[in-house]
Amino acid sequence: MSGTHPFRDRTAIAGIGRTDYSKNSGVSTLTLALRAIRAALDDAGLATSDVDGVACHRVGDSVQATIVAQSLGIKDVRFHLDLFGGGSQSAWTVGLAAQAVAAGVADCIVCWRSINARSGFRMGGTGRAAPDSIEFQYQSPYWFATPPQQFAMYGRAYMDKYGVTSEDLGRVAISQREFATLNPRAMMQAPLSMDDYLESRMIVEPFRLFDCCLETDAAVAVVITSTERARTLRQRPVLVSSAACGGGHTLYSNGREDLSTSGAAQLAPRLFDAAEMSPSDIDVAELYDAFTPLVLLQLEDYGFAAKGEGAALVAAGSTSLGGSLPVNTHGGHLSEGYVHGLNHLAEAVDQLRGDAGPRQTVGAEVALVTGQPGYVAGTSSALILRADK
Amino acid sequence: MNIKRPIPITDLDSVDWWSAVSRHEFVCARCSDCNVWRWPARAICGACGSMTWEWQELTGNGTIASWIVNRHGFGGAFPLPSTVVLVRLAEQDDLLLPGGWAGSADGVDLSVGLSVVVGFEDIESETGDSDHAVLSWGPRHG
Ligand SMILES: [Zn+2]
């Protein structure tokens, strides 16, 4: 070890903001974004005039970052990022913004994700044109296009290799629903039993309804600034200890021969090294959960369990309330709502500030927040955050 | 059930591959320098960086890497249940191609590792002015 990584703990999340979560917001993705940003600035005790950078990720389903910047009245946009990408990029948007602040490019960057994912552009495909991908031509003639189908294809290969059962997937959904019952924001509040899970209708085998994330109209925003400045603001800062991007193979890259692992396994060593931490340092993990197997896969690929042992960790209760590694303490995309990874980040901030109420992980000092592990998109990204001392 | 499959939307890198499929020919791009196969066709070899390649015929043999059974329509017009397979080609472990399944619509005859052989399913365009085909895999016997 040759000393502290130059990026480690230099920047902080100074504020978080969320809109209501609904199935029909009745407003534009621009208005949602502005509401979440306004809330995040209020949380931090900052004014719109303090903002000099903007960053979002989207897949052609939300307002451009430039329009948000103009609406906020930013006279000179020192950092601008409008990343094309789904959940795999959710942590990287924030990671890049933090690196820009650490490099002195900008001083105060707002990052957000804004979607009318239920009332507008549905990922599930209702009424939408095929995504802008030259790879889709090889799938769409077989009626193989939507995310549930794509993740089900990889999910079965993972389940087959390691003997993962429907009950193993069900335990992920049930554990997260237990957290959601303690979260007033969560869209799914009713307790979920194994019978409820197993009796839910098949969507695309091997996935049942409760293996799939929600579709939500919402926006979530965070404010990134220097740690020094964050310490002068309203909230206890949450430091960005490390950020990493990695992986890259998809079905179409020639290199994806193993469908039971992901880009997360490649970026994880860099992520932990840059934070000068190991998996045992993580107190709470908010793992991107578009579909249940992604949680098991990431428990393994981030080093919390050996390959094939993620399901055993969940079955032992380790990832549930009061366990050694609570996972998706807000209910995740499965039960809180789907804000394309940014709601996981906001939950991690709540946990590290001690603001998570009845679902608080006692003594949480360090959190892992991940993007979609690259199962479909190839690349993935993740952040390690820690509470300021 | 007679629901037409969507016509593949080709691009300038893929049009020759789809033309071959429409003639019921199964080909793949192969690097002329290091002999690594690549699919879909790209201008450069990801293994060695060579820009020189050619189409070569495949055996049409593979194994099932995974499959899904559609039970929900996602707002589109397609038959339920319907099965989509992901086939690992015999030529190289990282060649994984989606395709249709000529066997049971609910996939009960499938298992990971099952030996399969390529077939083709002709589809008509909406205007009927051109011929198209897509991959339709079936079990390989003997
Ligand atoms: Zn080559």
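Residue numbers start from 1 in every chain, and the chains themselves are labelled A, B, ... in the order their sequence lines are given, proteins ahead of strands.
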Against chain A, work out which of B:Gly99, B:Gly46, B:Ala65 has the most heavy-atom pairs shorter than 4.5 Å and name it.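 Top option by heavy-atom pairs under 4.5 Å: B:Gly99.
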
Between [X] and [Y], is any side-chain donor less than 3.5 angstrom from a side-chain acceptor?
X: A:Thr165; Y: A:Asp168; result: yes
X: A:Ser335; Y: A:Arg177; result: yes
X: B:Asn70; Y: B:Ser82; result: yes

B:Trp67 and A:Tyr154 aromatic centres sub-6.0 Å: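 No: the rings miss the under 6.0 Å criterion.
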
Part of [X] within contact of chain A (heavy atom distance under 4.5 Å):
X: B:Val36; result: neither
X: B:Leu135; result: both
X: B:Ser14; result: both
X: B:Thr83; result: neither
X: B:Trp101; result: neither

CD of B:Glu57: more than 12 outside heavy atoms within 6.0 angstrom?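 Not buried by this count: 12 neighbours or fewer within 6.0 Å.
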
Go through the steps for A:Trp143 and B:Phe74 under the test ring pair (Phe, Tyr, Trp, His ring centres under 6.0 Å), then give the verdict. CA-CA 10 Å; A:Trp143 300 299; B:Phe74 300 104; over 10 Å; no

Which one of [options] has the most heavy-atom pairs closer than 4.5 Å to chain B?
options: A:Asp160, A:Asn254, A:Leu251; answer: A:Asn254
options: A:Lys161, A:Arg256, A:Glu205; answer: A:Glu205
options: A:Met153, A:Gln139, A:Met202; answer: A:Met153

Given the rule in the side chain to side chain contact (heavy atoms under 4.5 Å, CB included) test, do A:Gln372 and A:Phe151 qualify, once you have shown the distances and angles that lead to the verdict? CA-CA 11 Å; A:Gln372 198 268 92; A:Phe151 284 89; 3.6 Å; yes

